[in-house]
Amino acid sequence: MTSPAPAHPDLYLVDGSGFIFRAFHALPPMTRGDGVPVNAVYGFSNMIYKLLTDFAAAQVAVIFDAKEETFRNKIYPDYKANRDAPPEELVPQFALIRESVHAFCLPCLELEGFEADDLIATYAKQAKARGQKVVIVSSDKDLMQLVGDGVTMWDPIKARSIAEPEVFEKFGVTPDKVVDVQALAGDSVDNVPGVPGIGIKTAAQLINEYGDLETLLARAGEIKQPKRRESLIEHAEKARVSKLLVKLDEAVPVTTPIDELRPREPDSSKLTAYLAKMEFKTLLNRVTTRLREEGQVVEHPDLPVETAAAAARALDPTPEAPVEARYELVQDLPALQRWIARAQRVGVVAFDTETDSLTPCVCGIVGVSLAVAPGEACYIPLCHVNPDAGGLDLDQAAKPQQISLDEFKTAIGPLLTDPSVLKIAHNGKFDLQVLQCLGLDVTPIDDTMLMSYALDGGSHGHGMDELASIHLGLKTTTFAEVCGSGKAQITFDRVPLDRALAYAAEDADVTLRLWQLFKQRLLADHMTTLYETIDRPLLRVVAGMESAGILIDRNALAKMGQKFGERMVQLEAEVQKLAGRPFNLGSPKQLGEVLFDELKLEGGRKLKSGAWTTDASVLDEIEDSHPIIPAIQSWRQLAKLKATYTDALQEEIQQKTGRVHTSYALAATSTGRLSSTEPNLQNIPIRTEEGRQIRTAFIAGPGNVLLSVDYSQIELRIVADIANIQALRDAFTNGDDIHALTASQVFGVPMADMTKDIRARAKAINFGIIYGISAFGLARQLGIPQSEASAYIKAYLERFSELRDYMEETKSFARKHGYVLTLLGRKCHVAGINEKNPARRSFAERQAINGRIQGTAADIMRRAMRNVSRALQRAGSPAQMLLQVHDELVFEVPETHAEATAAIVRTEMERAATLGVPLVAEAGWGKSWADAH
DNA sequence: GTGCTCACG
DNA sequence: GACGTACGTGAGCACT
């Protein structure tokens with residue numbers, strides 16, 4: 001205790017709800033032997049014990065928020081609307097904390113429709129009225145309005161008391177004026193609006209000058225500063241609403257009269273039983289010792305030793321010796337139930353599902369493996385067939401003995417949703433979807449692949465085999481070793497059970513061991529917040545997007561493909577006629593020979609392989625030198641569209657759902673972006689008119705529309721913000737045309753004389769900045785001499801001088817650490833930054849510069865996706881998020897809800913980060929993706 | 001399996 | 001002044 005306790009006050013009102021959250025975040029993670037997280041409960045129990053002993057508190061009541069909405073939501077529906085859902089590890093602790101209150105035999109109070117703060121205000125008022133002193137045990141600033149006149153506060157985490165001087169220090173006014181200050185300043189945590197542009201400092205100054213809020217608002221016209229004056233006049237009503245939100249209700253119809261908050265009558269056996277159950281050894285010892293000193297006869301309850309040992313193994317990241325693996329094949333219900341019971345005792349279980357294909361929306365489950373401690377894992381076959389039987393063998397007797405799927409579901413279901421048992425998967429997005437198809441939900445869930453990505457993104461891959469080798473020194477059995485590869489590959493349901501056991505159980509085992517390591521490292525490397533608030537919640541959001549899939553008009557694609565094909569035949573004939581001989585137009589090698597060896601065209605470049613380059617930029621340069629070139633360009637474009645889009649996309653439509661289900665990799669890129677595969681729906685054409693047609697085949701179902709919302713210029717806005725380039729920041733704040741402004745500044749052209757061409761050059765420079773500009777690259781992009789490009793860059797850096805400092809700072813940070821950091825603290829590793837080879841070094845430097853920018857944009861989008869998903873859920877919206885294309889989100893929504901959904905999505909995207917420049921998101925919708933822009 | 005080309009942001 | 005270049009992806013095709 002760092003400062004003396006207040007002198008024997010009478011009534012202690014403990015803000016239980018406030019304490020839970022603060023203790024959870026202030027205390028290191030801690031789990032009971034069975035794996036239930038208990039750090040907040042532990043902090044709470046200790047705090048109560050301290051109040052009762054050190055403070056000799058004779059009358060204590062603990063007060064909680066009721067779960068339901070409060071009267072404040074009726075005044076202002078968005079009140080506390082931006083709160084995150086509590087972390088999964090906190091959820092089971094709410095009930096345990098209430099148990100703690102009962103174990104200490106204290107009154108536990110809550111009332112629907114009111115916050116804990118209102119009950120505290122009410123009891124404080126009643127106590128004051130009868131001359132009783134009050135100590136509010138809380139550090140919540142919202143309670144500071146109650147301080148004074150016999151009421152003080154005690155901050156249990158900082159162990160300091162809060163009286164008038166401390167309140168004045170915080171708010172700059174006496175406690176009776178705190179609400180007026182809060183009404184003006186607002187509160188971003190509780191989503192109290194306040195008056196824009198006014199913070200606590202200004203608010204205090206105004207209130208001290210004018211006396212109170214109403215007087216201030218009435219005389220707002222007298223304020224000298226024009227912005228402040230206008231804001232106050234315009235937002236007077238917001239201030240009044242804010243005051244209603246922050247003012248605590250002192251007349252709550254409490255159901256327990258203050259007289260009944262009687263001094264406690266301790267029940268020592270109840271308390272010791274509780275502490276033993278929670279395995280709070282130190283606290284239990286202190287309590288029993290004290291009780292014995294008081295002359296009571298106390299049994300010291302035993303802690304559950306066996307579970308503690310099992311848990312120690314499950315949670316210990318560094319087993320002394322290599323663990324011997326003991327894997328069990330589970331073929332009957334009693335055996336399964338033994339494993340489920342073990343998982344429940346330990347509170348942590350790693351799992352993995354085996355399926356007959358890698359497409360989660362259509363595949364069938366084949367088996368599940370579980371691991372509860374390193375080396376202790378099992379495999380539960382569910383749909384294996386006789387490996388020797390032919391493909392059409394339907395003979396039931398030939399199937400190996402296994403638990404039926406229904407039995408399995410019934411048995412495992414409760415475990416998968418048990419809030420006190422953490423489920424761990426590697427790439428849980430897949431397992432989540434497979435189990436969802438069976439009607440099974442999984443929560444809470446941790447993902448070792450995402451943990452690894454948060455820790456080591458960009459330095460290596462995050463597949464399990466690779467991680468097992470890096471971190472555990474284990475060479476795991478690969479899928480190919482079990483199922484073969486190529487033509488001889490078999491599905492997992494044909495793998496003999498002994499080999500399936502060895503493979504599948506090992507996967508769960510390795511997952512558990514990786515989790516133990518990563519859990520510690522996330523804390524040590526300060527990456528827990530990133531993982532917990534961004535990547536982990538995204539798992540479910542993206543699983544939902546993949547499962548939903550998008551509707552594609554197969555007929556439209558087929559027609560387009562045919563049209564493209566016919567045109568290609570004509571073009572091919574034309575090209576071969578001009579070439580003077582038939583050749584394979586699809587072969588760059590043959591084409592190069594035709595153009596540069598046979599037709600002897602000028603301007604050819606060679607690749608390092610010695611072959612001629614025939615890429616689009618070369619063809620563009622020699623476009624006018626021969627009529628064969630335009631024909632080749634057209635053929636190339638159509639060939640690409642037909643093969644990659646019209647033809648391939650039709651094959652991706654899943655029979656079962658009639659839709660296309662892409663797969664998003666959450667842990668693949670070096671910058672934090674997602675990537676999309678099988679098919680890649682992040683590179684659907686848009687830049688040319690012919691290409692854009694493909695997007696007309698991406699459609700909404702009957703009655704629905706596709707809604708597209710995209711960030712405007714997000715990466716350039718990020719540059720303006722993190723490099724703090726004043727001119728760019730001003731331009732974005734004013735909503736100016738950013739490329740035109742750049743052109744005017746760099747080329748000295750007045751805005752009025754701007755031409756399309758000059759603006760286009762400036763646009764290329766702006767992109768160059770994002771990529772870590774080089775004269776060579778810019779010259780190539782614009783088709784100008786390198787000397788000219790150098791001059792542009794020089795002019796740019798003179799006009800926007802802050803950029804040079806930013807680039808130098810980024811490079812030196814990368815040299816020192818080997819990575820750069822994004823806005824949300826994601827590490828973006830860059831290899832080769834300290835290399836001697838200048839080419840490789842410059843490459844790494846550009847990567848570093850780009851990584852910070854692209855990575856920050858990716859962070860913002862990840863956070864936006866989480867927030868949008870939550871906001872839509874909260875609003876009860878029927879909209880479904882379908883696609884993400886780096887700065888764009890696509891939804892399917894009933895036409896009647898398009899406008900409302902667009903508003904929610906835009907708002908959430910724009911508030912996903914607070915930069916020094918506004919974030920802007922634009923929305924559009926229509927029957928197809930082409931129409932949504 | 002690797003290289004080239006090209007679709008997207 | 002070296003040294004090859006814009007940043008980040010995935011897919012289809014030709015060719016080894």
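Residue numbers start from 1 in every chain, and the chains themselves are labelled A, B, ... in the order their sequence lines are given, proteins ahead of strands.
Salt bridge status for A:Arg605 with A:Glu621: present, with a side-chain N to carboxylate O gap under 4.0 Å. A salt bridge does not link A:Lys563 to A:Glu566: none of the charged nitrogens lies less than 4.0 Å from a carboxylate oxygen. Electrostatic pairing of A:Arg761 and A:Glu788 counts as a salt bridge here, judged by a charged N lying under 4.0 Å from a carboxylate O. Taking the charged nitrogens against the carboxylate oxygens, A:Arg862 and A:Asp535 do have a contact shorter than 4.0 Å, which makes a salt bridge. A salt bridge is absent between A:Glu690 and A:Lys640; no separation between the charged side-chain nitrogens and carboxylate oxygens falls under 4.0 Å. Of the charged side-chain nitrogens involved, none lies within less than 4.0 Å of a carboxylate oxygen, so that A:Glu808 and A:Arg804 do not count as a salt-bridged pair.
When the side-chain nitrogen and oxygen atoms of A:Ser587 are compared with OP1 and OP2 of C:dC15, one or more of them lie within a distance under 4.0 Å. Under 4.0 angstrom from either OP1 or OP2 of C:dG10 there lies at least one side-chain N or O belonging to A:Ser675. Contact annotation: A:Arg846 side-chain N/O to C:dA6 OP1/OP2 distance is not under 4.0 Å. Contact annotation: A:Arg673 does not reach the phosphate of C:dG8 (side-chain N/O to OP1 or OP2, under 4.0 Å).
Using a 4.0 Å heavy-atom criterion, one finds that A:Leu607 contacts the sugar-phosphate atoms exclusively. Residue-level contact check: A:Gln590 touches the backbone only, with heavy atoms under 4.0 Å from sugar-phosphate atoms and none from bases. Counting non-hydrogen atoms under 4.0 angstrom, A:Pro685 reaches the backbone sugars and phosphates but no base. Among the atoms of the strands shown, only primed sugar atoms or phosphate atoms (P, OP1, OP2) are found under 4.0 Å from some heavy atom of A:Ala648. Contact annotation for A:Arg687: base contact, defined as any heavy-atom pair under 4.0 Å involving a base atom. Counting any heavy atom pair closer than 4.0 Å across all strands shown, A:Gly586 reaches sugar-phosphate atoms only and no base atom. The residue A:Ala789 sits apart from the nucleic acid: no heavy atom pair falls under 4.0 Å. Within 4.0 Å of A:Phe843, counting heavy atoms only, lie sugar-phosphate atoms of the nucleic acid but no base atom. Heavy atoms of A:Ile684 sit under 4.0 angstrom from primed sugar atoms or phosphate atoms, though from no base atom. At the heavy-atom level, A:Gln854 lies under 4.0 Å from base atoms of the strands shown. Using a 4.0 Å heavy-atom cutoff across all strands shown, A:Ile853 reaches no nucleic acid atom at all. Looking at heavy-atom distances under 4.0 Å, A:Asn680 makes contact with sugar-phosphate atoms alone, never a base. At a threshold of 4.0 angstrom between heavy atoms, the contacts of A:Glu678 are confined to the sugar-phosphate backbone, with no base atom among them.
Atom pair A:Ile770:CD1 and C:dC7:P shows a separation of 13 Å (rounding to whole Å applied). A:Tyr771 places its OH atom 17 Å from the P atom of C:dT5, with the value rounded to the nearest Å. If you measure from atom NZ of A:Lys589 to atom C1' of C:dC15, you get 8 Å, rounded to the nearest angstrom. Atom NE2 in A:His829 sits roughly 20 Å away from atom P in C:dC7 (whole-Å rounding). Atom-to-atom, CZ of A:Phe583 to C1' of C:dA14 comes out at 14 Å; the value is rounded to the nearest Å.
A cation-pi contact, defined as under 6.0 Å to the ring centre and within 45° of the axis, is absent between A:Lys642 and A:Phe564. Judged by the 6.0 Å and 45° rule, A:Lys606 forms a cation-pi pair with A:Trp612.
Under 3.5 Å, the side chain of A:Ser774 and the base of C:dT5 form at least one donor-acceptor pair of N or O atoms.
First and last contacts of DNA chain B with chain A, using any nucleotide atom under 4.0 Å from a protein heavy atom and ordered 5' to 3', fall at B:dC4 to B:dG9.
With both ends at atom P, the span from C:dC3 to B:dA7 equals 34 Å, rounded to whole Å.
Across every non-hydrogen atom of A:Arg695 and A:Glu888, the tightest pair is NH1-OE1, 4.4 Å.
Checked against side chain to side chain donor-acceptor pair (under 3.5 Å), A:Gln713 has the following partners two or more places apart in sequence or in another chain: A:His739.
For A:Glu678, the CD atom counts as loosely surrounded, since its 6.0 Å shell holds 12 or fewer non-hydrogen atoms of other residues, nucleotides or ligands.
Stretches of at least 3 consecutive Watson-Crick or G-U wobble pairs, with each checked distance under 3.5 Å, appear in DNA chain C as B:1-9 with C:7-15.
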